[in-house]
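Report on the following structure.
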Amino acid sequence: MEHYSEQMELLIAELSKLPGIGSKSAQRLAFHLISQPKEDVERLAGTMVSARENIRYCRQCCSLTDRELCGVCSDPARDQKTIMVVETTRDMIAYEKTGKYKGVYHVLHGAISPMLGIGPDDIRLKELIERLKGDVNEVIIATNSTLEGETTAMYISKLIKPAGIKVTRIASGVPVGGDLEYTDEVTLLRALEGRVDM
Ligand code: ZN
């Protein structure tokens with residue numbers, strides 16, 4: 001492998017820490033960056049720092065937002081008594097894109113995985129349980145149909161059913177092992193409409 005200057009090596013090393021960026025891609029990105037006008041690179045770096053500083057978890061649903069309460073939670077038109085539980089903010093956005101769901105969300109930021117050592121305390125479950133002390137009609141569990149997603153759905157269902165809250169699971173129109181994020185809107189809506197009691 002060729003040896004670059006110290007600065008270039010440093011840049012390549014930092015870029016290759018990003019997910020999905022191998023050393024080849026990191027080199028390509030590094031060369032691209034240093035060939036760009038200084039202002040463009042400053043704007044990119046500034047945007048990254050500012051996003052990191054200002055984006056936080058919504059006080060209510062734990063989605064990523066730059067406000068105290070996210071756009072969905074603060075919308076008076078949304079049904080606050082119906083909570084859809086998803087694994088990631090990206091899943092939430094996938095459902096938002098359908099424009100048909102009128103309830104609110106709860107973002108777990110992961111799923112229970114005994115194999116990876118991820119337990120209930122490692123995802124945002126406590127926050128969900130806290131929310132359920134309020135007035136809630138239905139919890140729709142929309143975790144992925146992976147082993148982890150199903151394990152999480154079962155766990156949540158067992159946890160909240162004794163409280164007398166209706167718990168439903170989205171239909172398995174979503175392909176097994178498929179991430180919600182990549183599922184098209186029609187399939188998402190069909191899965192939501194065909195949800196079943198747990
Ligand atoms: Zn929110």
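Atoms within a ligand are numbered from 1 in the order they appear, just like the ligands themselves. Values in this document were obtained by computation on a predicted structure and should not be read as measured data. The figures that follow rest on heavy atoms only: side chains count, while hydrogens, waters and symmetry mates do not.
Interatomic distance, Y105 OH to T82 OG1, rounded to the nearest 0.5 Å: 11.5 Å.
Here E193 does not pair with K100 in a salt bridge; the nearest charged N to carboxylate O distance is not below 4.0 Å. A salt bridge links E42 with K38: the distance from a Lys NZ or Arg NE/NH1/NH2 to an Asp or Glu carboxylate oxygen falls below 4.0 Å. Under the 4.0 Å criterion applied to side-chain N and carboxylate O atoms, K81 and D135 are assigned as salt-bridge partners. Using a 4.0 Å cut-off between charged nitrogen and carboxylate oxygen, D66 and R56 do not count as a salt-bridge pair. E138 has a carboxylate O that lies under 4.0 Å from a charged side-chain N of R195, or vice versa, which qualifies the two as a salt bridge.
Legend: protein N/O/S atoms lying under 2.8 Å from the Zn ion (ligand 1), waters omitted, number 4.
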